[in-house]
Amino acid sequence: MNKTYEPKTFEKDIYAFWQENKLFNAYNKSDKPSFTMVMPPPNITGQLHMGHALNNTLQDILARYKRMMGHETLWLPGTDHASIATEVKITEELTANGIDKKQLGREGFLVKAFEWNDKYGNRIVEQLQQLGSSCDWDRKAFTMDENCSKAVLEAFEILYNKGLIYRGERMISWCSECLTALSDAEVEHQENDGSLWYIKYPLVEDAYKYIMVATTRPETILGDTAVAVNPTDKRYKSLIGKMIALPLTNRQIPIIADDYVDAKFGTGAVKITPSHDPNDFEIGSRHSLERIEVMDNRGKMNEKAGDYSGLDRFIARKKMVEDLNSLGLLEKIETRNNNVGVCYRCKTIVEPRVSLQWFVKMTELVKPATEAVKKGDIKFSPKRFEKIYLHWLNNIKDWCISRQLWWGHRIPAYICDKCGFTVVSKEQITEGAKCIKCSNGILIQDPDVLDTWFSSALWPFSTLGWPNKTADLAKFYPGDVLVTGYDIIFFWVARMVFSGLKFMKAKPFSTVLIHGLVRDEKGQKMSKSAGNGIDPLEIIDKYGADAFRFSLTLGIATGADQRFLSEKIDSCRNFMNKIYNAGKFVLVATESLDKDFDFTLEAHSKHFSIADKWILTKLAEVQKQVSKALDKFETGQVASLLYDFTWDTFCDWYIESSKVTINGTDIQKANATRAVLAFVYRQILTLLHPFVPYITEYIYQEIPNKTTNSIMTANYNAKIKSYKKETNNYEAVIIKLVNSLRQFRANEKIPPNNHFEVLFYSHPNGEKLIKEAMPFISKLASVKGAFSTTSSLDSQKYIQIVDVFATMFIPKSAIKNDAEELERLKKEFVYAQKELILAENKLKNEGFVAKAPKALLELEQAKIEKYTALRDKILDAIGQLEVNK
RNA sequence: GGAAGCAUAGCUCAGUUGGGAGAGCGUCUGCCUUACAAGCAGAGGGUCGGGGGUUCGAGCCCCUCUGCUUCCACCA
């Protein structure tokens, strides 16, 4: 072991040691119960960010815990081809290198894309390894690898044959930057400062008469094919059926009646543009209106836009408003906030557009997916996220799965160029094959690829070999826990659930563990554009992976967002240092022992000290609490529990106590303490290991009582005998009296190197105990303890500290003056008096006495006795002091 | 327009079956006590956002108000 904690010097080696010993691998032939998690696959464009770090730290904690609890644990890692995100990045890179994507062509582009994956796809894997992730890397999957691709084709074919995938012309959201259709989930909504333009639409029969229309999107006027009013609206009843001379065009459009229109909103008259608005599309369908598309796929006005053709949609808007104004048709402009949809990748405002796309029919798939959660087959933690999930599924529309991209799984549909006959086949059909229907045309594969989330939806079983019936599937499916952020419940979780239920006839996992976001110090979301991101790799480099992991979990409530604070990572690094130094102490304390020293507790139990028995009991308690909380996935609570136990209970109390017997003359007692010290420390390392794997393994390799090759296979829940009586005694006598003496010392400003004398007097029954406790009290309070047979010591020479269990006499020579002592006693008196009154009042309360549990009543009764005695003793002491004055 | 979350010490946050509020950091005091100054010991600091209710008893359950945050949503 190094002299100081330097994580950099050992973390890499430790990780290599784990991998060499295949400690992360899962075996499908094992008869141990399985525990399975699939990693949310990071994008191949990705660099490790705080979200990944948190997500994978939580998974690693569970994986290591379950492994140590004897489960055959599979944590299956992988990467996602991230169709749209990657294509955007590669295109950017190409453009930067002066290469035109179109000229490169589809084949050439795909070559570049796979090159990208070779180059960057593993970058994030290495970063996850630095974090300490104990994944089965031999099973690493990639959404575009052979098997996942096979699964995608299989799934597509099955759904198509069941009529659950169809192709049709629908209104979809179009990104004019990425040049592809998007699903509803891929559209984000942003609040924008917008305007509402009031425009006069003149009637054909009388140009001086008009109907007023309000719109947030004037540029779509050119695509209007009607104006709609509510059929019951008296203002407009007589106009229904009449024609309007559509401004800026020479077209005439009808005034129609539709219930959709709210007479109370705006002017009560709505322009209808079926090609550029989802609602208008619906109305248009109902009324068989013509659909005129006035924009191209890049968001520019097209040839149908007359004078405006070629202009960007927002420039056209400005110009058209000007033109309307000069025609006298613009009534007014109101400013108002409106929500616009933007592409989740590039934040470009999406354009609603009618186009021919592939869809997954959702109604049938949604049912079992909602049932599974409602029945409790799948549980969210925290539970409140179930509502979000269910709400989304209840309101879901068909899922647009085709993307006008090249990087991804190409849709396995072949369409005849003459008759449009469509063949869907998971087997590749040679391009140019004759159409079997019309035998005139040839079959051409649909050029589109699938939504990247289509392959992610299959992840829990495609990674295990589906559609083949593999041993992995048999052993590890269904999985157990899925750990993910609340931001991808829709994209991913819901789709995995219905896919699993459809294709595997079984849920993909039984628990969805949701975590929050890691925000910056001010609570802002970290983002590239805001430039407030913190690089996890820099943190690992500076503090080590363990401190970093611990800071991400310590005290964090499940599902809650957290801020990343530098003070916190500091304190976690300090904690690592504490663990490290405690290890050094254990090594020094046990280095003199023979090589064949028996470290089992049984060999030494006869010689355990009161402190030994106390710490063993405390360890047993903590061990129980840890497992209980981890089974409920409460990692934040477990981390703080272990933090407190290690630092406060073990280091500050037990290690200091252990010095008494270890440095004592009784060799059997010393060795008993050494055995307990080594045992408890080893179990602390074991309990901490899932959280801070590196440091615990590193020290485990050094300690004299290790039982396994690696801490990863150490016994997490060792059997420990509890000693209730000694534990109570240690706390009631040693801790209590030491605290009193320390307070006294601090109040009297007596420096620690002044080991003043203290005489302890206890009632006869307590003599034995006080004698046993005295060496510990003396050590912990830095005093010279001695036993007194009498309670009547000269108050001229001694001041007394009274406690229920014992009275402590301190020679006055040790302190400065009586006045301060009097103050101290008076304070104590006030406190005792207060406690007494509280307890008395409680027992006077009839309701309390009648209904409170017995234990509480006894507790209050005991308090009264205790504080009455204490009060009297203090009063006595004060009296004596005042007499002396 | 729906829904959810948060409000607890100067700061950041824990507090899961309702039984006298905790941690870390910061502040103040004293210490280089032979594992650790990235440390040890001690101290100060909170009518748990406001109001009402249920209960013998509420930070925790119910109602209401205020402030902040987030998600969902096709009102021109």
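Lettering of chains follows the sequences in order, A, B, ..., and the numbering in each one begins at 1. Computed from heavy atoms alone, side chains included, the values below leave out hydrogens, waters and symmetry copies.
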Nucleotide forming a Watson-Crick or wobble pair with B:rG44, both distances under 3.5 Å: none
Phosphate OP1/OP2 of B:rG2 contacted by A:His391 side-chain N/O (<4.0 Å): no
Test: A:Arg217 cationic atom under 6.0 Å from A:Trp197 six-membered ring centre, within 45° of axis: no
A:Met1 CE - B:rC36 P separation (whole Å): 12 Å
Polar side-chain contact A:Asn845-B:rC56 base: donor and acceptor under 3.5 Å: no
A:Glu567 CD - B:rA38 C1' separation (whole Å): 15 Å
A:Thr635 vs A:Phe691, side chain to side chain contact (heavy atoms under 4.5 Å, CB included): CA-CA, chis, key distance, verdict: CA-CA 9 Å; A:Thr635 51; A:Phe691 293 82; 4.2 Å; yes
Below 4.0 Å: OP1/OP2 of B:rG39 and any side-chain N or O of A:Asn574: yes
Presence of A:Gln743 side-chain N/O under 4.0 Å of B:rA43 phosphate oxygens OP1/OP2: yes
Pairwise side-chain contact, A:Phe380 with A:Thr511, heavy-atom cut-off 4.5 Å (strictly under): no
Side-chain N,O (A:Lys387) to OP1/OP2 (B:rA4) below 4.0 Å: yes
5′-ward residue of the pair A:Lys863/A:Trp392 relative to RNA chain B: A:Lys863
Check: A:Phe650 ring centroid to A:Phe645 ring centroid under 6.0 Å: no
